[in-house]
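Since the structure comes first, as structure tokens, the remarks are kept for the end.
In what follows, every chain begins at residue 1, and chains take the letters A, B, ... in the order their sequences are listed.
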Protein chains: 2
Amino acid sequence: MYSVLMSTPERLIEATRELLWERGYVGTSPKAIQQHAGAGQGSMYHHFAGKPDLALAAIRRTAEEMRATAEAVLAGPGSAYERVEAYLLRERDVLRGCPVGRLTMDPDVIASDELRAPVTETLDWLRDRLAGIVQEGCDQGEFTPSLNAGEIASAIVATVQGGYVLARSAGSPAAFDAGVRGLLALLRAAAPARP
Amino acid sequence: MYSVLMSTPERLIEATRELLWERGYVGTSPKAIQQHAGAGQGSMYHHFAGKPDLALAAIRRTAEEMRATAEAVLAGPGSAYERVEAYLLRERDVLRGCPVGRLTMDPDVIASDELRAPVTETLDWLRDRLAGIVQEGCDQGEFTPSLNAGEIASAIVATVQGGYVLARSAGSPAAFDAGVRGLLALLRAAAPARP
DNA sequence: GTCTATATTTTGATAGAC
DNA sequence: GTCTATCAAAATATAGAC
């Protein structure tokens, strides 16, 4: 399934990432991982202690990747509004959902402090990163200064995570886009009154 | 687990509802349902064709309940903003997530037109119901008339669905509340300029 | 309608040969 | 490091007695 140039542990991690995204932790079996990775049972248990261990490696990498992708957009040029807009409008595989956020609905992930940690850290980081940008916008007079930057940032992250839910429910990315456009319209309305 | 006054099919449906909420479709086994309902295998397969059939009955009931709960608040008194606020601030079992929305992350539910239908219908209904209220607010001069009511409604539903994700990630309902407060602040900012 | 037995497949892993 | 048994338990039913 993967390039022969990839090592077996590497192929196992990538296969697990794909399957966790597609079917979640509970819905992903070691057998499916092995088949996807083109690795035998013995091979998987040689490199990883078991399903939780392999899932942890996969989740950590996915979390790191998501953070890097977000940072690439958020560190870009433009006003606070423009950077938030760029983040919200960035290309996404909407119908697949968020590979990090979806893990919060996995009971076994939530029950494990180790598996949940990368999820918590990533979403916390994202919210804080956005809060900094919103605060900048308030300080620069771009947004009404009375806004609570942390709350606005939470609303932004929630809109994205919930947008995936709407899109998957509707079977169409348009539902995601509608929510994003609604939020952006409200953000534009939060500019201070111009005298 | 349930009152003896409940019929066996009834107990099976209620047990399935609980387990779908807690563990999702993929994570819920017939055996777990039977134990939760205090019913034997034969009993379950006598009343229902199998796991998908029972899940369908459970999902339909949960969807209907969610709709009724939302309608009770949305049909209440007050301005458009006040009704949206009442909906967003209504008591919720935040850390358990949305029993309907969480199903969108279940690959087997999404793959089945029958199982997905109640989810799609419920979220569509909710968005349309909110859109009507937001449109009222625009028409009454409560919100800037340039707002697209459907998009604002999508943003509201997304914020709630995403709020559950943030709360479960953080292990605290406060993360949900923060997103809701952020959205409400933006909605208040979307009042037309007062001359 | 409910119960117990039985069956097939999958899950998640261990053992040990190569 | 990889492969092929092997394994106990669970998943998802069906059969047939009561």
Measure [atom1]/[X] against [atom2]/[N] and give the value in whole Å, please.
X         : N       : atom1 : atom2 : answer
Phe48(A)  : dT2(D)  : CZ    : P     : 11 Å
Arg23(B)  : dA11(D) : CZ    : C1'   : 13 Å
Asp108(B) : dA11(D) : CG    : P     : 14 Å
Leu12(A)  : dA13(C) : CG    : P     : 14 Å
Ile33(A)  : dT11(C) : CD1   : C1'   : 11 Å
Leu54(A)  : dT11(C) : CG    : P     : 15 Å
Asp53(A)  : dA13(C) : CG    : P     : 10 Å
Arg11(A)  : dG1(D)  : CZ    : P     : 13 Å

Quiz item: Considering only heavy atoms from C-beta outward, does the side chain of Leu186(B) approach that of Leu147(A) to under 4.5 Å?
Solution: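 A side-chain contact under 4.5 Å exists here.
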Quiz item: Any salt bridge between Arg96(B) and Glu18(B), counting N to O under 4.0 Å?
Solution: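 Salt bridge: yes.
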Quiz item: Looking only at heavy atoms, what is the nearest atom pair of Met44(A) and Leu12(A), with distance?
Solution: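 Smallest interatomic distance, heavy atoms only, reads CA-CD1, 3.8 Å.
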Quiz item: Do you know which two heavy atoms are closest between Leu183(B) and Ala155(B), and how far apart they sit?
Solution: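 Taking every non-hydrogen atom into account, CD2-O, 4.3 Å.
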For [N], does OP1 or OP2 lie under 4.0 Å from any side-chain N or O of [X]?
X        : N       : result
Ser29(A) : dT11(C) : yes
His46(A) : dC3(D)  : no
Thr8(B)  : dT2(C)  : yes

Quiz item: With respect to the side chain of Lys31(B), which nucleotide from dT2(C), dA11(D), dT10(C) is positioned closest?
Solution: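 When the side chain of Lys31(B) is considered, dA11(D) is the closest of dT2(C), dA11(D), dT10(C).
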Quiz prompt | Sugar-phosphate or base contact per nucleotide [nucleotides 13-18 of chain D; S, B, -; heavy atom under 4.0 Å] | solution = BB----
Quiz item: Linking I/L/V/M/F/W/Y whenever their side-chain heavy atoms sit closer than 4.5 Å, directly or via other members, would Phe176(A) and Tyr164(B) fall into one cluster?
Solution: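 Same cluster: Phe176(A) reaches Tyr164(B) through Ile, Leu, Val, Met, Phe, Trp or Tyr contacts under 4.5 Å.
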Quiz item: Would the number of heavy atoms belonging to other residues, nucleotides or ligands and lying under 6.0 Å from CD of Glu136(A) be above 12?
Solution: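 Correct, the count exceeds 12.
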Quiz prompt | Arg83(B) (side chain) donor-acceptor with Gly78(B) (main chain) under 3.5 angstrom | solution =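 A pair under 3.5 Å: yes.
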